[in-house]
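Structure record follows, encoded as structure tokens.
Atoms considered below: every heavy atom in the structure, side chains included; atoms not considered: hydrogens, waters and symmetry mates.
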Amino acid sequence: MTPGGWGTLLGHSVGRLVRENPVDGIGAHANIDTCHLGNMYRGNNNERIYPPDGTIINFEMPPIAETYEEFLTMCEERGKAATGAIG
């Protein structure tokens, strides 16, 4: 496998489980970050699904905040309060 490959496999497995067994408040997207030998790999469970009817479904991670400031901006843009969030 490639570096971080097992993490990607884990992310896809977790994503598939939550998509097939939805629970309110838990999304089907997964970020999997792995560290090995001084390196870091960031993965997600993006995939292209080909149902039998010939359609194509692109399952892609929505944008995520990578800093606290980005998090606050995204909350504000969505009309959500970040009260209690710690930066």
Side-chain angles (χ1 to χ4, degrees):
M1 294 183 81
T2 61
W6 65 270
T8 300
L9 180 61
L10 176 62
H12 282 282
S13 297
V14 169
R16 183 163 288 129
L17 276 171
V18 294
R19 268 199 319 272
E20 292 172 357
N21 304 284
V23 175
D24 286 342
I26 298 177
H29 296 283
N31 282 314
I32 302 291
D33 295 341
T34 57
C35 298
H36 59 92
L37 302 174
N39 295 312
M40 181 174 174
Y41 174 79
R42 173 166 284 170
N44 56 48
N45 64 334
N46 289 352
E47 66 180 311
R48 185 169 285 167
I49 303 166
Y50 299 91
D53 66 4
T55 61
I56 299 173
I57 301 169
N58 288 315
F59 182 79
E60 295 182 359
M61 179 72 67
I64 60 169
E66 295 194 19
T67 66
Y68 183 66
E69 289 74 25
E70 287 179 13
F71 171 73
L72 293 175
T73 300
M74 290 175 83
C75 287
E76 184 178 321
E77 288 171 351
R78 290 165 175 76
K80 304 293 182 185
T83 306
I86 299 172

Linking I/L/V/M/F/W/Y whenever their side-chain heavy atoms sit closer than 4.5 Å, directly or via other members, would Val18 and Val23 fall into one cluster?
yes

Looking at every heavy atom in both Pro63 and Met74, which two are closest together, and how far apart are they?
O-CE, 3.2 Å

To the nearest 0.5 Å, atom OH of Tyr50 lies from atom CD1 of Ile57 at 11.0 Å

Return the CG to CD1 distance between Asn21 and Ile26, rounded to the nearest 0.5 Å.
10.5 Å

Heavy-atom closest contact (Ala82 atom, Leu72 atom, distance):
CB-CD2, 3.5 Å

Mind checking the CD-CE spacing from Glu47 to Met61? Nearest 0.5 Å is all I need.
11.5 Å

Got more than 12 heavy atoms from elsewhere within 6.0 Å of CG, Asp53?
yes

Taking all heavy atoms of Glu70 and all of Glu66, pick out the closest pair and write down the distance.
OE1-N, 2.8 Å

